[in-house]
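Accompanying notes for the structure given below.
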Amino acid sequence: MSYKVLDVNSVVEYLLSIKEVVEFFGTESLNAVEIGDGNLNYVYKISSEQEPEKALIAKQAVPYLRCVGEQFPLSRERMTYEIRALEKFYKIFPNFVPKVYHSSEAMSIVVMEYLDSHIIMREGLINRVKYTKFSEHISTYMSATLFYTSSIAMSSLNKRELIGKFNGNTELCKLTEDLVFSFPFMEHETNDNENVENNVNAKKLFEDYEFKERVLELKYKFMTQSDALLHGDLHTGSIMINENETYVIDPEFAFVGPFGFDVGALLANLVNNYIHHSVVTKDTEFMEWLLQTIKEILDKFCEKFLNYWSESKNSALCVAGFLNEKTLHDYKKRFVKKILKDSVGFAGCKMARRVYGVAGVAEIRGVKDVTLRGEAEALALLIAREFVMNYDKIDTSDEILEIIKNAG
Ligand code: ADP
Ligand code: SR1
Ligand code: MG
């Protein structure tokens, strides 16, 4: 079938021509509603009229940015990368990725499991829900996906093929280069300019050349380092969760990039949530839980990454007999420490981009009281600056927590 943009009616018609979907629903009549709340695509919930709890999700990319409209063209091939990434990550850890029932690169569509008892994690965290299993789940997801798609675990040939399969995702990588590393730190038409105008903190940020030089250093890593297959946009809006389960959705920004980028994205979003509570709810117990969760995620990530490495004897990177045990042990420790450092640097960029850049987050931009919002912005910029200026000096998760606590 050649590409066409679907709507609530034609999506049902399309799905009725798909064997896997017909097998899932049987002969029942289907109903579609658009439930997308993201920036880029259309997401339909397809359910059975007879048994409404029986449902699937159909997500289609259109050749423009949904949140702006047709005047912002963006190639729909981003769905090709989302499909490939969902498949790849599902193979590595099926517990954390929705099952795909059907996909078509030609139609830029994916049909997947409907996560019926899960919510977007950002909403849960704003409402102060403590997800006690999250650190365990997400540290496993991140360490496994990053380790098993890296040159440590893969053969040189397979790794280069992986790069070939994903690094054509050029438009979304460019979007990140612009919207994470550039435009939010300068005068730009895409920024939240109502807020930027006459704002002393924005002026200070745009003229902070020391900070911006460090941002360039991190942007360069993003543009050139092909360590592992990334989700590419791992914020708390890309996680669907309940007390017992964690699912990572929406990997359309996937590409083979620097190890620290996904870990940094998650760290940034958890710290932005901490800032929200520090300024708005002042719930010290929840803030403490967030800090502990950040620490657990980072420590468990490093530990699990090293464990996968110990299990993987035939590393393409370090062939058997190349180093003695002590040297190899020290090398591995330094290696994960470097990932931690870079994560902190990327987290700083990702926190700061949410302040004046086009894509704000509810925790900060959504704060209604202008004074409190200003406080949240100032705190986010303060922590982000500390992260970006000092990321290469960080050695432990405790040092990261100190930066967060000392700023608030
Ligand atoms: P976008 O690429 O436009 O950001 P997302 O993949 O983030 O789209 O999906 C938008 C919204 O659709 C999510 O925030 C979530 O509410 C809902 N959604 C997406 N995938 C699923 C799913 N598998 N199950 C249930 N809801 C989903
Ligand atoms: C206009 S697109 C803005 C952002 O949404 C996505 O979730 C990415 O974070 C992107 O930068
Ligand atoms: Mg999304």
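The first residue of the sequence shown is numbered 1, and numbering continues consecutively from there. On a predicted model such as this, the values are computed, not experimentally measured, just so you know. Indexing begins at 1, ligand by ligand and atom by atom, following the structure's order.
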Task: Salt-bridge present (Arg354, Glu363; N to O < 4.0 Å) - done: no
- [ ] Using a 4.0 Å heavy-atom cut-off, say whether Glu252 meets ligand 2 through its side chain, its backbone, both or neither.
- [x] neither
Task: Selection from Glu123, Met240, Met121, Arg122 by shortest heavy-atom distance to atom 26 (N) of ligand 1 - done: Met240
- [ ] Would you check whether Leu115 has a nitrogen or oxygen atom less than 3.5 angstrom from a nitrogen or oxygen atom of ligand 1?
- [x] yes
Open item on the list: Just to check, does Asp233 reach to within less than 4.0 Å of ligand 2 when the distance is taken from its heavy atoms?
Closed with: yes
Task: Heavy-atom check, side chain of Tyr64 versus side chain of Phe72, under 4.5 Å - done: no
Task: Region of His118 that comes within reach of ligand 1 [heavy atoms, distance under 4.0 Å] - done: neither
- [ ] Mark the output for Phe253 as yes if a heavy-atom distance to ligand 2 is under 4.0 Å, and as no if none is.
- [x] yes
- [ ] Find all atoms of ligand 2 within a distance of less than 4.0 Å from any non-hydrogen atom belonging to Leu65, and give their numbers and elements.
- [x] 1 (C)
- [ ] Measure from NZ or CZ of Arg66 to the centre of the six-membered ring of Tyr42 and say whether it is under 6.0 Å with the direction within 45° of the ring axis.
- [x] yes
- [ ] For Ile120, counting its heavy atoms only, list the atoms of ligand 1 lying under 4.0 Å from any of them.
- [x] 13 (C), 14 (O), 15 (C), 16 (O)
TODO: Closest by any non-hydrogen atom to atom 13 (C) of ligand 1: pick that one out of Asp37, Leu56, Leu65.
DONE: Asp37
Open item on the list: So which atom in Gly360 and which in Arg365 form the shortest heavy-atom distance, rounded to 0.1 Å?
Closed with: N-NH1, 3.3 Å
Task: For Glu210 against Arg385, the heavy-atom pair lying closest together - done: OE1-NH2, 3.1 Å
TODO: Just jot down the ligand 2 atoms closer than 4.0 angstrom to any heavy atom of His235, in number order.
DONE: 7 (O)
Open item on the list: Out of all atoms in ligand 2, which are within 4.0 Å of some heavy atom of Ala359? Include the element for each.
Closed with: 3 (C), 4 (C)
Report, one line per pair, each donor and acceptor closer than 3.5 Å where one atom sits in a side chain of residues 400-408; sequence neighbours left out.
| from | atom 1 | to | atom 2 | distance (Å) |
| --- | --- | --- | --- | --- |
| Asn406 | ND2 | Glu402 | O | 3.2 |

Task: Of the listed options Leu40, Asn41, Val97, Val43, closest to atom 9 (O) of ligand 1 (non-hydrogen atoms) - done: Val43
- [ ] Taking the six-membered ring of Tyr3 (Phe, Tyr or Trp), confirm whether the NZ or CZ of Arg76 is under 6.0 Å from its centre and within 45° of its axis.
- [x] yes
Open item on the list: Show me which atoms of ligand 1 lie under 4.0 Å from any heavy atom of Lys59.
Closed with: 1 (P), 2 (O), 5 (P), 6 (O), 8 (O)
Open item on the list: Any salt bridge linking Lys212 with Asp208? Criterion: basic side-chain nitrogen under 4.0 Å from a carboxylate oxygen.
Closed with: no
TODO: Give the atoms of ligand 1, by number and element, whose distance to some non-hydrogen atom of Glu113 is under 4.0 Å.
DONE: 22 (C), 23 (N), 24 (N)
Open item on the list: Can you confirm if the NZ or CZ of Arg334 lies within 45° of the ring axis of Tyr331 and under 6.0 Å from the centre of its six-membered ring?
Closed with: no
- [ ] If the plane angle is over 60° it's perpendicular, under 30° parallel, otherwise tilted; pick one for Phe147 and Trp309.
- [x] tilted
Open item on the list: Evaluate Tyr114 for polar contact with ligand 1, using N/O atom pairs at a separation under 3.5 Å.
Closed with: no
